[in-house]
Engineer: 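Have a look at this one before I ask anything.
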Amino acid sequence: MQTSSEACIEADGLEKVFQVRRRTGVLRRERREVRAVDGISFTVPRGEMVGFIGPNGAGKSTTIKMLTGILTPSGGRLRVAGIDPPRERTRLARRIGVVFGQRTTLWWDLPLRDSYALVRRIYRIPGERYRANLDRCIELLDLGALLDVPVRQLSLGQRMRADIAAALLHDPEVLYLDEPTIGLDVISKAQVRSFLQDLNAEQGTTVLLTTHDLTDIEQLCKRVIVIDHGHLMYDGALAGLHEVGESERTLVVDLERELPPIEGVPGARTVRTEGPRQWLAFAAAASAAPIVSRIAADYPLVDLSLREPDIEDVIARMYAQQRPDAEAAAGTGAEAGTGTGTGAGTGSGAGTAG
Ligand SMILES: Nc1ncnc2c1ncn2[C@@H]1O[C@H](COP(=O)(O)OP(=O)(O)OP(=O)(O)O)[C@@H](O)[C@H]1O
């Protein structure tokens, strides 16, 4: 395992096996092993913001629970901020922050202000530091008007910003974010992303970000780690992931009026039309700019938006590259055996972008 004084998270052959008992008859039960995490190795240097993605059931939450010390690994070696998580869970808790998009860590019936005061007591945050961190979060996350509102009355976007602040009051070196933009509107997503960008740049906080929204990754992370069925599938730049899977982005174009399908735009093809709206697919690793300029020059353009591919789709296409029989799952005509070498075979190690 590569050890570096700068490494903040180090996982080497990390495993988690659950024993599940299943009723198979009136008096019969079967024991079954679920290998939720099956030999994952990766290193995250201090101050890096890394996307940690994979389809449902891939093993992301199980990995994060091991990184926080909530779950004890069945095998392998793990260090977070130099600490063995399950052995020194309490010491680790002072060094990490965790935000789950789907549930709050705040007190439902308490005004936000009181929730923060409780967080301060739990972590024994010195007064001056607490006030400075709270003031900073209030300003940057726009929480001023919400401090006296009970958490249950906050909108999803407000609650998410409030939760992020709660996770940062004790100055954690590492922040785990599990779907921090799920269900948020465009403005709230932008607010959360911009805050995380500043946090990472100014405080040097190491961030592991789990998300199904590739735009989060695109805007925040230079590096992405993909897992599936407990295995590391890919570790490198997002652009490289698109190249491996030959995934596509979609340009949604609104024209002044209904017209025949747009033609003659190099690198793009019209995949759907509906009245004045048309959908054009193009390689996700390519730039949208020349395609947009060409359409704007040749067609009466009113509006357009860009859609990132689904993470599930990108991963299915990665499989299709490696196994021709998986093409159907990807729903594409992608050809097998043309991987760029940046990806990894199923269940094997992966190239690291560091
Ligand atoms: N406590 C548990 N007991 C038994 N099996 C479990 C347990 N927790 C998770 N699993 C199984 O481990 C596998 C990985 O689950 P995990 O929740 O880590 O995936 P995930 O990538 O976080 O998925 P999602 O995106 O749906 O949250 C799944 O097959 C899941 O059913």
Side-chain angles (χ1 to χ4, degrees), residues 1-2 4 6-12 14 16 36-37 40-56 58-71 73 76-86 89 92-103 105 160 163-164 166-168 170-182 192-193 195-201 203-228 230-238 241 311 350 352-354:
M1 168 182 201
Q2 266 190 344
S4 138
E6 285 300 304
C8 186
I9 302 173
E10 297 176 276
D12 183 24
L14 189 63
K16 182 68 196 179
V37 176
I40 288 180
S41 303
F42 64 89
T43 301
V44 179
R46 211 165 279 282
E48 196 171 70
M49 179 132 62
V50 178
F52 189 58
I53 65 175
N56 293 122
K60 304 180 295 289
S61 304
T62 306
T63 305
I64 288 179
K65 283 177 191 163
M66 289 192 277
L67 294 175
T68 58
I70 294 173
L71 281 178
R77 185 172 173 272
L78 189 59
R79 282 281 179 283
V80 177
I83 294 172
D84 180 0
R89 191 173 151 188
L92 181 67
R94 295 185 189 285
R95 313 270 296 269
I96 62 171
V98 188
V99 178
F100 294 105
Q102 315 258 28
R103 63 198 127 100
T105 47
M160 180 56 64
D163 257 297
I164 292 174
L168 294 173
H170 63 294
D171 275 334
E173 291 158 53
V174 190
L175 183 63
Y176 303 121
L177 295 160
D178 191 355
E179 301 285 357
T181 60
I182 197 164
V192 166
R193 286 176 189 146
F195 176 80
L196 294 174
Q197 232 158 7
D198 291 351
L199 175 81
N200 176 250
Q203 315 272 314
T205 309
T206 308
V207 180
L208 198 66
L209 169 68
T210 295
T211 179
H212 276 85
D213 188 335
L214 276 184
T215 312
D216 286 345
I217 305 281
E218 195 151 73
Q219 293 187 1
L220 297 172
C221 308
K222 290 197 179 75
R223 174 183 169 198
V224 57
I225 294 174
V226 182
I227 65 166
D228 191 18
H231 296 286
L232 194 73
M233 296 284 296
Y234 177 87
D235 185 349
L238 180 62
L241 177 62
I311 280 173
T352 305

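Because the structure is predicted, anything quoted here is derived from the model rather than measured. Starting from 1, each residue takes its place in the sequence as its number.
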Engineer: Given side chains that start at C-beta, do those of Leu175 and Leu199 come closer than 4.5 Å, heavy atoms only?
Structural biologist: yes
Engineer: Taking the side chain as everything from C-beta on, heavy atoms only, tell me whether Arg79 gets closer than 4.5 Å to Ile83.
Structural biologist: no
Engineer: Report the distance from atom CG of Leu209 to atom CZ of Phe52, rounding to the nearest 0.5 Å.
Structural biologist: 11.0 Å
Engineer: Would you compute the distance between atom CD of Gln197 and atom SG of Cys221 and round it to the nearest 0.5 angstrom?
Structural biologist: 9.5 Å
Engineer: If I take atom CG from residue Leu78 and atom CD1 from residue Ile9, how far apart are they, to the nearest 0.5 angstrom?
Structural biologist: 8.5 Å
Engineer: Treating Lys60 as the side-chain partner and Gly54 as the backbone partner, does any N or O pair qualify as donor plus acceptor under 3.5 Å?
Structural biologist: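 Yes; judged by distance alone, with no hydrogens or angles, the pair exists.
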Engineer: Within the 4.5 Å heavy-atom criterion, are Ile40 and His231 side-chain neighbours or not?
Structural biologist: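 No, every pair of side-chain atoms sits at 4.5 Å or beyond.
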Engineer: Can you tell me how far apart CD1 (Ile53) and CD1 (Ile217) are? Round to the nearest 0.5 Å.
Structural biologist: 5.5 Å
Engineer: Under the ring pair (Phe, Tyr, Trp, His ring centres under 6.0 Å) test, which residues partner His170, sequence neighbours left out?
Structural biologist: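 His170 satisfies ring pair (Phe, Tyr, Trp, His ring centres under 6.0 Å) with Tyr123 only.
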Engineer: What closest approach, in Å, do Pro172 and Ile96 show between heavy atoms, and which atom pair accounts for it?
Structural biologist: CB-C, 3.4 Å
Engineer: Report yes if some heavy atom in the side chain of Leu208 is under 4.5 Å from a heavy atom in the side chain of Val174; otherwise report no.
Structural biologist: no
Engineer: In Å and rounded to the nearest 0.5 Å, what is the CD1 to CZ distance from Ile225 to Phe42?
Structural biologist: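 If I round to the nearest 0.5 Å, the distance is 5.0 Å.
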Engineer: Would you say the side chain of Pro73 lies within less than 4.5 Å of the side chain of Lys16, judging by non-hydrogen atoms?
Structural biologist: no
Engineer: Closest heavy-atom contact between Asp228 and Ala58?
Structural biologist: CA-CB, 3.9 Å
Engineer: Please confirm whether the backbone N or O of Ile227 pairs with a side-chain atom of Tyr234, one donor and one acceptor, at under 3.5 Å?
Structural biologist: no
Engineer: Return the CG to OG1 distance between Asp12 and Thr43, rounded to the nearest 0.5 Å.
Structural biologist: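 Output value for this atom pair is 8.0 Å.
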Engineer: Quick one: side-chain hydrogen bond (donor to acceptor under 3.5 Å, both in side chains) partners of Asp198, sequence neighbours excluded?
Structural biologist: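 Listed in chain order: nothing, the list is empty.
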Engineer: Check whether any side-chain heavy atom of Asn56 lies under 4.5 Å from a side-chain heavy atom of His212, and answer yes or no.
Structural biologist: yes
Engineer: Between Asn200 and Thr205, does any side-chain donor sit less than 3.5 Å from a side-chain acceptor?
Structural biologist: no
Engineer: Compare all side-chain heavy atoms of Pro45 with those of Cys8 and state whether any distance is below 4.5 angstrom.
Structural biologist: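 Answer no - side chains too far apart.
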Engineer: Between Arg95 and Glu173, is the closest basic N to carboxylate O distance under 4.0 Å?
Structural biologist: yes
Engineer: Tell me whether Thr206 contacts the main-chain N or O of Gly47 through its side chain, where contact means a donor paired with an acceptor under 3.5 Å.
Structural biologist: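 Side chain of Thr206 to backbone of Gly47, a donor-acceptor pair under 3.5 Å: yes, one is there.
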Engineer: Starting from the C-alpha separation in whole Å, work towards a yes-or-no answer on side-chain contact (heavy atoms from CB on, under 4.5 Å) for Ser41 and Leu232.
Structural biologist: CA-CA 8 Å; Ser41 303; Leu232 194 73; 5.8 Å; no
Engineer: Take Ile64 and Thr210 through the side-chain contact (heavy atoms from CB on, under 4.5 Å) test and state the conclusion after the steps.
Structural biologist: CA-CA 9 Å; Ile64 288 179; Thr210 295; 3.3 Å; yes
Engineer: Looking only at heavy atoms, what is the nearest atom pair of Thr68 and Pro85, with distance?
Structural biologist: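 Taking Thr68 first and Pro85 second, the nearest heavy atoms are C-CB, 4.4 Å.
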Engineer: Measure across Pro180 and Met160 and return the closest heavy-atom pair with its distance rounded to 0.1 Å.
Structural biologist: O-CG, 3.1 Å
Engineer: Does Asp213 have any salt bridge (charged side-chain N to carboxylate O under 4.0 Å, His left out) partners at least two apart in sequence or in another chain, and if so, which?
Structural biologist: Lys189, Arg193
Engineer: How close do Gly59 and Thr63 get, heavy atom to heavy atom, and via which atoms?
Structural biologist: O-OG1, 2.7 Å
Engineer: Kindly indicate whether the side chain of Thr211, heavy atoms from C-beta on, has any atom under 4.5 Å from the side chain of Ile182.
Structural biologist: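 No; the side chains remain at least 4.5 Å from each other.
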